[in-house]
Participant: 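First the structure, then my questions, so here it is.
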Amino acid sequence: MDIVECTDIKKTYHQGKVEIQALRGVNLSIARGGFMAIAGPSGSGKTTILNIIGGLDSMDAGHVVVDGNTLDEMNQSQLAQMRLNKIGFVFQAYNLIPVLSALENVEYIMLLQGVPTAQRRDLARSILNDVGLEGTYDRRPAELSGGQQQRVAVARAIVSNPSIVLADEPTANLDSKTGKGLLEMMKEMNEKKNVTFIFSTHDQMVMDYARRLVRLRDGLVVDDKVKEAQ
Amino acid sequence: MNFQIGWRNIWRNPKRTLVILSAVIIGVWSMIFLSAFMRGITDQMVRNGISTLTGHVQVHHKGYRDDPGIENSMTEPGVLETVFNNTLPPDTLWTSRVRVSAVASNARHSSGVTLLGADPAKEGKISFIGGAVTLGRFLKPDDPHGIVVGQALVEKFETKLGRKLVLMSQDTGREIASRAFRIVGIFRAEMEATEKQFVFVSLPAAQEMLKLKKGISEVSMILNSHQEANEVAAVLRDALPANDYEVQTWQEAMPMVTAILKMYDGFVFLWFFVVFIAMGFGIVNTTLMAVYERIREFGLLKALGMKPWWIVRQVLTESFYLLVLGMIIGTGLGALSVLALSGTGIDLSSVAAGAEFAGMSRMIYPVVESKDVVTANLVVFILGIIVSLYPAIKAARFTPIEAMAHN
């Protein structure tokens with residue numbers, strides 16, 4: 001069964017008097033457990049589609065269903081609840097909370113979910129170990145390298161067992177070696193925990209790692225390839 | 001964890017936090033100190049008023065208040081004594097007085113004064129005069145010709161201890177009564193006007209001079225506390241014949257002081273309001289700056305699924321810390337300042353004339369009242385949280401997309 005179904009999504013931005021058609025009727029179905037990348041040049045609409053799937057942005061027309069939730073029928077509060085429980089985000093700029101340690105950053109999402117303290121601490125430690133960050137629990141983001149920060153962001157995204165992780169250019173600020181390590185780790189999480197990963201990317205390495213590659217151009221899907229099992 | 005995050009957030013920019021913390025501290029300190037100073041002034045005014053021959057409760061003949069003449073004297077003090085013995089609380093001190101207007105004169109000067117015929121033993125315990133005689137002595141119980149006068153009157157009359165002073169007044173037969181007294185004591189009072197106004201003779205001497213027999217003008221009493229006055233006055237009003245006697249509390253006897261007390265209360269709250277307005281702008285401004293600096297972070301939190309109310313709560317938690325910390329330090333500093341000055345007092349001698357004109361003492365001893373401390377802190381806390389709502393709501397209203405696009 002598909003975890004994401006996008007039907008004829010349209011989105012236009014207004015910059016002053018200029019209209020920018022970011023999406024012009026995108027149809028996309030994503031299977032549960034997928035590891036896919038949405039690629040395309042700047043302005044092709046890949047971040048917009050990711051934001052719409054994540055309930056961060058609204059669409060002008062079309063229909064999106066995420067893990068059984070019809071987004072266009074949900075209010076802001078319901079969307080926030082869905083993001084909290086079903087979606088993990090990884091951003092290009094890491095976006096960790098600077099006053100919290102690595103462990104606390106991972107814990108924070110579970111705090112919002114109301115997970116008891118001892119349980120969330122154990123889970124956070126365990127997931128940080130899984131992403132190779134044992135021993136860095138108490139370090140604040142400023143004391144971590146870019147790659148480590150992005151690993152913390154991934155740990156934060158997957159700690160609460162979301163259905164989907166949306167990663168917007170996760171390797172853009174990393175060198176190729178660190179980026180490769182991060183992708184290996186995310187792939188492992190995908191296989192181990194059956195979490196669906198959807199990337200938006202320019203990075204060829206991410207495209208190579210993805211099992212499915214969707215290319216967008218001018219707000220339309222121009223190519224959709226599923227690779228054979230490696 | 002929310003409190004932990006709030007605490008860490010306020011120290012992201014220590015300089016800014018210290019600036020706003022200073023504003024809260026100075027605000028709370030000034031609220032507490034100024035209210036203690038005002039209370040010190042009013043407390044001293046009330047004490048002076050009460051000890052300057054007013055007492056907590058006074059009893060007069062009906063009509064004396066409007067016309068304090070000899071004809072409105074109480075001719076049967078025995079009736080009063082019986083009532084007092086039956087109704088007053090055990091520790092109450094009271095004394096009878098003759099109190100009439102008179103003219104004092106010597107060879108060089110004459111001046112209008114208030115003649116006080118006092119029972120020396122009782123009067124000394126009730127009014128300021130007990131500890132005010134600085135030269136000579138106070139009266140003896142049946143002193144027929146001794147008189148105690150104020151230092152300012154002595155200077156005005158260019159006289160001294162042992163010299164004669166003639167008092168003239170109207171007796172009960174509406175004739176001019178006069179008597180020569182010898183100055184046996186000189187007193188100092190808090191206010192110069194008191195020294196010029198009152199002259200003390202013994203009660204029998206005054207009664208004899210004015211042909212009052214056993215008659216008296218007033219009874220003044222001192223209770224355990226200011227607050228008992230209304231209750232005791234009510235009891236006396238019930239016990240004494242309303243057609244013959246009138247009972248007044250110190251508030252009624254000193255309407256000006258009572259009005260000033262109310263006015264000072266108003267000043268205190270006005271000051272609280274002014275301080276808070278200045279502080280409130282500081283809080284809003286600083287919190288807004290902190291919110292705009294972290295706008296991307298709020299966007300991230302909303303993207304992660306944080307509901308707007310939680311963001312409001314987080315911003316308010318930070319304001320809570322700033323306010324509570326400022327309140328604790330400000331209250332501590334206020335208490336220390338008051339403590340330091342409550343022993344030595346604040347000396348207003350350099351502006352004594354102006355202070356006396358305003359009814360203030362030369363020395364002000366700040367008095368902290370718990371209600372002022374609680375009010376100052378509540379004003380800062382409640383209004384501080386209310387004004388913090390504006391930046392908090394602003395932070396909560398950004399959409400994740402616009403917040404995270406913010407540089």
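All values below were derived from every heavy atom in this structure, side-chain atoms included, with hydrogens, water molecules and symmetry-related copies excluded. So that the names make sense, note that chain A is the first sequence line, chain B the second, and so on, each numbered from 1.
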Participant: Got more than 12 heavy atoms from elsewhere within 6.0 Å of CZ, B:R16?
Facilitator: yes
Participant: Does anything in residues 268-281 of chain B reach chain A? List residues with heavy atoms under 4.5 Å apart, or say none.
Facilitator: none
Participant: With respect to chain B, which residue among A:Q76, A:E107, A:M82, A:R156 yields the maximal number of heavy-atom pairs within a distance under 4.5 Å?
Facilitator: A:R156
Participant: Specify the closest pair of heavy atoms between A:F89 and B:A303, including all atoms of both residues, with the distance to one decimal.
Facilitator: CE1-O, 3.2 Å
Participant: Report the distance from atom OH of A:Y108 to atom CD1 of B:I5, rounding to the nearest 0.5 Å.
Facilitator: 4.0 Å
Participant: Going by side-chain contact (heavy atoms from CB on, under 4.5 Å), B:L301 matches just one of A:I97, A:N95, A:I109. Which one?
Facilitator: A:I97
Participant: For chain B, find its close neighbours in residues 128-145 of chain A: heavy-atom separation under 4.5 Å, sorted by number, or none.
Facilitator: A:R140
Participant: Can you tell me which portion of B:L300 sits under 4.5 Å from chain A's heavy atoms? Options are side chain, backbone, both or neither.
Facilitator: side chain
Participant: When you look at OH of A:Y13, are more than 12 heavy atoms from neighbouring residues, nucleotides or ligands closer to it than 6.0 Å?
Facilitator: yes
Participant: Under a 3.5 Å distance rule, please check whether B:R8 uses its side chain to pair with a backbone N or O of A:P98 as donor and acceptor.
Facilitator: no
Participant: Roughly how far, to the nearest 0.5 Å, is CG of A:N51 from CD1 of B:I401?
Facilitator: 3.5 Å
Participant: Select one option (side chain, backbone, both, neither) describing which atoms of A:L100 are under 4.5 Å from chain B's heavy atoms.
Facilitator: both
Participant: Could you tell me which residues in residues 309-330 of chain B have at least one non-hydrogen atom under 4.5 Å from a non-hydrogen atom of chain A, sorted by residue number?
Facilitator: B:W310, B:Q314
Participant: Going by side chain to side chain donor-acceptor pair (under 3.5 Å), name the residues that satisfy it together with B:E297, two or more places apart in sequence or in a different chain.
Facilitator: B:R12
Participant: Which heavy atom of B:K307 sits nearest to which heavy atom of A:A80, and what is that distance?
Facilitator: CG-CB, 4.3 Å
